[in-house]
**Student:** 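This is the structure I have questions about; it appears just below.
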Amino acid sequence: MPFEKVTALVIRSVDFSETSQVVTVFSRELGKLTGLAKGARRLKGPFTGALDLLSVCRIVLLRKHSESLDLLTDAELVKAFARQRNSLPILYAGFYIAELLGELSDEYDPHPALFDAAVDALLQLESAVPVGLVLRRFELRLLHEIGHAPELAICVACGRAVAPGDRVRFSVRAGGVLCAACQAGQPGGLPLRVGSLRAAATLASPGGEQWRRLDVPDGTLREIRAVTRAAIEQLVSRKLRTARFLGET
């Protein structure tokens with residue numbers, strides 16, 4: 001079997017023996033994959049420093065076309081996550097991104113744009129961009145890339161575009177917003193102001209730097225977070241383990 005080379009983000013690692021680890025990565029070329037890295041726990045070896053959690057690395061692997069784990073044979077560090085900042089909120093935000101990738105991606109289902117979004121999110125966490133803004137953008141980009149983006153521009157029941165002054169609610173079951181006229185047949189839902197919808201649209205945009213300059217009130221970020229978190233939790237059928245460490249109320 002031929003060896004393959006991928007650029008990957010390390011999202012999970014478990015000690016397998018005194019010298020080896022089972023490592024899960026999200027790669028740009030192949031998507032999520034899990035492999036055995038023999039000798040990864042040795043002080044000197046082909047993986048030294050490259051397989052730390054949230055590191056971006058170039059990996060050489062031998063794919064196993066069976067139930068066996070892939071075999072990771074070499075790894076070169078490209079970019080380590082900036083742990084030197086010693087900031088728990090930033091570290092927990094990185095862990096949250098890793099859990100999102102692990103829970104909402106499939107083995108060998110590549111999403112290059114999602115890989116790029118994850119790496120960019122980690123870079124933004126190391127900058128002066130507010131953590132909440134980075135996480136909301138990544139959640140929206142993730143949902144878009146896996147085909148579960150919430151509809152926030154039009155009423156999902158009647159198809160009417162949301163207009164200034166509309167009182168809309170987000171319905172997890174319907175997958176989008178409902179205008180005031182259509183809410184009667186859809187009990188519950190999360191209230192959303194038009195300003196929150198506009199901010200979400202900017203955050204979800206795949207390109208540009210405009211989102212980094214957004215001055216988003218805390219209340220607006222909370223409304224957007226309620227929508228993205230509800231959509232994510234419906235997909236995974238539970239609350240994410242790392243979410244409770246983010247300090248978001």
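Counting begins at 1 with the first residue of the sequence.
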**Student:** Looking at side-chain heavy atoms only, is the closest gap between Ile90 and Tyr92 below 4.5 Å?
**Tutor:**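 They are not in side-chain contact.
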**Student:** Determine whether a donor-acceptor pair (N or O, by modelled atom type, separation under 3.5 Å) exists between the side chain of Glu151 and the backbone of Ala153.
**Tutor:**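 Confirmed, Glu151 side chain pairs with Ala153 backbone.
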**Student:** State plainly whether the residues Lys5 and Asp74 are in salt-bridge range, i.e. N to O under 4.0 Å.
**Tutor:**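 Answer for the salt bridge query: no.
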**Student:** What about Leu190 and Leu178, same hydrophobic cluster or not, with Ile/Leu/Val/Met/Phe/Trp/Tyr joined at side-chain heavy-atom distances under 4.5 Å?
**Tutor:**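 Looking at the clustering, Leu178 is in a separate group from Leu190.
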**Student:** Can a donor-acceptor pair be found, under 3.5 Å and without considering hydrogens, that links the side chain of Thr228 to the backbone of Arg225?
**Tutor:**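 Here the side-chain-to-backbone pair exists.
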**Student:** Would one find more than 12 heavy atoms of other residues, nucleotides or ligands at under 6.0 Å from atom CZ of Arg169?
**Tutor:**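 Buried by this count: over 12 neighbours within 6.0 Å.
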**Student:** Is Leu246 close to Pro89 at the side-chain level, that is, under 4.5 Å between some pair of heavy atoms?
**Tutor:**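 No, side chains not in contact.
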**Student:** Is there a path of hydrophobic side-chain contacts, each under 4.5 Å between heavy atoms, that joins Val56 and Phe95?
**Tutor:**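 Linked, Val56 and Phe95 end up in one cluster.
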**Student:** Tell me, with the steps shown, if Leu88 and Phe245 meet side-chain contact (heavy atoms from CB on, under 4.5 Å).
**Tutor:** CA-CA 9 Å; Leu88 281 177; Phe245 298 114; over 6 Å; no
**Student:** Rounded to the nearest 0.5 Å, what separates atom OG1 in Thr7 from atom CZ in Arg28?
**Tutor:**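 Result: 8.0 Å between the selected atoms.
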**Student:** Do Ser27 and Pro110 come within less than 4.5 Å of each other through their side chains, counting heavy atoms only?
**Tutor:**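 No, side chains not in contact.
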**Student:** Applying a strict under-4.5 Å side-chain criterion to I, L, V, M, F, W and Y, I'd like to know whether Leu104 and Val227 cluster together.
**Tutor:**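 No, no single cluster joins them.
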**Student:** Indicate the atoms forming the closest heavy-atom contact of Val134 with Ala121, along with that distance.
**Tutor:**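 Reported closest heavy-atom pair: CG1-O, 3.5 Å.
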**Student:** Is the shortest distance from a Lys or Arg side-chain nitrogen in Lys32 or Asp106 to a carboxylate oxygen in the other one below 4.0 Å?
**Tutor:**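 Looking at Lys32 and Asp106, the cut-off is not met.
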**Student:** Which atom names give the shortest non-hydrogen contact between Leu143 and Pro150, and what distance separates them?
**Tutor:**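 That closest heavy-atom pairing would be CD1-CD, 4.0 Å.
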**Student:** As an exercise, state the distance from CG of Leu140 to CD1 of Ile224, rounded to the nearest 0.5 Å.
**Tutor:**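 These two atoms lie 7.0 Å from each other.
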**Student:** What's the verdict on side-chain contact (heavy atoms from CB on, under 4.5 Å) for Val177 and Val156, showing C-alpha distance, side-chain angles and the deciding distance?
**Tutor:** CA-CA 6 Å; Val177 295; Val156 293; 5.6 Å; no
**Student:** Test of understanding: clusters of I, L, V, M, F, W, Y form through side-chain heavy atoms closer than 4.5 Å, transitively. Do Leu101 and Leu240 belong to the same one?
**Tutor:**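 Same cluster: Leu101 reaches Leu240 through Ile, Leu, Val, Met, Phe, Trp or Tyr contacts under 4.5 Å.
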**Student:** Run the numbers on Leu54 and Val10 for side-chain contact (heavy atoms from CB on, under 4.5 Å), then give the verdict.
**Tutor:** CA-CA 5 Å; Leu54 302 177; Val10 180; over 6 Å; no
**Student:** Which heavy atom of Ser55 sits nearest to which heavy atom of Ala80, and what is that distance?
**Tutor:**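 Answer, listing the atom of Ser55 first, then Ala80: OG-CA, 4.1 Å.
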**Student:** Taking the side chain as everything from C-beta on, heavy atoms only, tell me whether His148 gets closer than 4.5 Å to Leu235.
**Tutor:**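 With C-beta onward as the side chain, the pair touches.
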**Student:** Under a 4.5 Å cut-off applied to non-hydrogen side-chain atoms, are Phe81 and Glu126 in contact?
**Tutor:**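 Yes, their side chains come closer than 4.5 Å.
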**Student:** Could you check if a side-chain atom of Lys79 sits within less than 4.5 angstrom of a side-chain atom of Leu123, using non-hydrogen atoms only?
**Tutor:**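 Yes - at least one pair of side-chain heavy atoms lies under 4.5 Å apart.
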**Student:** Can you tell me how far apart CZ (Arg63) and CG (Leu33) are? Round to the nearest 0.5 Å.
**Tutor:**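 Atom-to-atom, Arg63:CZ and Leu33:CG are 8.0 Å apart.
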**Student:** Report the distance from atom CD of Gln124 to atom CZ of Phe138, rounding to the nearest 0.5 Å.
**Tutor:**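 One finds 13.0 Å between CD of Gln124 and CZ of Phe138.
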**Student:** Determine, using the 4.5 Å side-chain heavy-atom cutoff (strictly less than), whether Leu100 and Leu53 are members of one ILVMFWY cluster.
**Tutor:**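 Yes: a chain of side-chain contacts under 4.5 Å links Leu100 to Leu53.
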**Student:** Which atom pairs, donor and acceptor, lie under 3.5 Å between side-chain atoms of residues 192-199 and protein residues at least two apart or in another chain?
**Tutor:**
unit_1 : atom_1 : unit_2 : atom_2 : d
Arg193 : NE     : Glu223 : OE2    : 3.1
Ser196 : OG     : Glu223 : OE1    : 2.5

**Student:** Can Glu99 and Thr242 be said to form a side-chain hydrogen bond (donor to acceptor under 3.5 Å, both in side chains), step by step?
**Tutor:** CA-CA 7 Å; Glu99 186 177 10; Thr242 54; 2.6 Å; yes
**Student:** Checking the side chain of Asp70 only, and the main-chain atoms of Lys64 only, is there a donor and an acceptor separated by less than 3.5 Å?
**Tutor:**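 Yes; at least one donor-acceptor contact below 3.5 Å.
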**Student:** How many angstroms lie between atom CD of Gln183 and atom SG of Cys155, to the nearest 0.5 angstrom?
**Tutor:**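 Separation between the atoms: 8.0 Å.
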**Student:** Are Phe3 and Leu61 side-chain neighbours, meaning at least one heavy-atom pair lies under 4.5 Å?
**Tutor:**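 Side chain of Phe3 against side chain of Leu61, heavy atoms only: no contact under 4.5 Å found.
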**Student:** With side chains defined as the heavy atoms from C-beta onward, is the minimum distance between Glu103 and Arg238 less than 4.5 Å?
**Tutor:**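 Yes, close enough: below the 4.5 Å cut-off.
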**Student:** Side-chain heavy atoms under 4.5 Å apart, restricted to Ile/Leu/Val/Met/Phe/Trp/Tyr: what other residues fall into the cluster of Ile154, or is it alone?
**Tutor:**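 Noted: Ile154 shares its cluster with no other residue.
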**Student:** Looking at residues at least two apart in the chain, or sitting in another chain, which of them share a side chain to side chain donor-acceptor pair (under 3.5 Å) with Arg229?
**Tutor:**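 Testing Arg229 for side chain to side chain donor-acceptor pair (under 3.5 Å), a comparison that skips the adjacent residues, returns Tyr96, Glu248.
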**Student:** Work out which heavy atom in Leu51 is nearest to a heavy atom in Ala75; give both atom names and the distance.
**Tutor:**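 Here Leu51 and Ala75 meet closest at CD2-CB, 4.0 Å.
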**Student:** For the CZ atom of Arg136 and the OG1 atom of Thr220, what is their distance to the nearest 0.5 Å?
**Tutor:**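 One gets 12.5 Å once the value is rounded to the nearest 0.5 Å.
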**Student:** Check the pair Arg141, Asp120 against side-chain contact (heavy atoms from CB on, under 4.5 Å), reporting the backbone distance first and the verdict last.
**Tutor:** CA-CA 11 Å; Arg141 295 299 306 144; Asp120 182 66; over 6 Å; no
**Student:** Could you tell me which non-hydrogen atom of Phe170 sits nearest to which non-hydrogen atom of Leu152, and how far apart they are?
**Tutor:**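 In terms of heavy atoms, the two residues are closest at CD1-CD2, 4.2 Å.
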**Student:** Do you know the tightest heavy-atom contact between Arg137 and Pro206?
**Tutor:**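 Nearest heavy atoms, Arg137 then Pro206: NH2-O, 3.5 Å.
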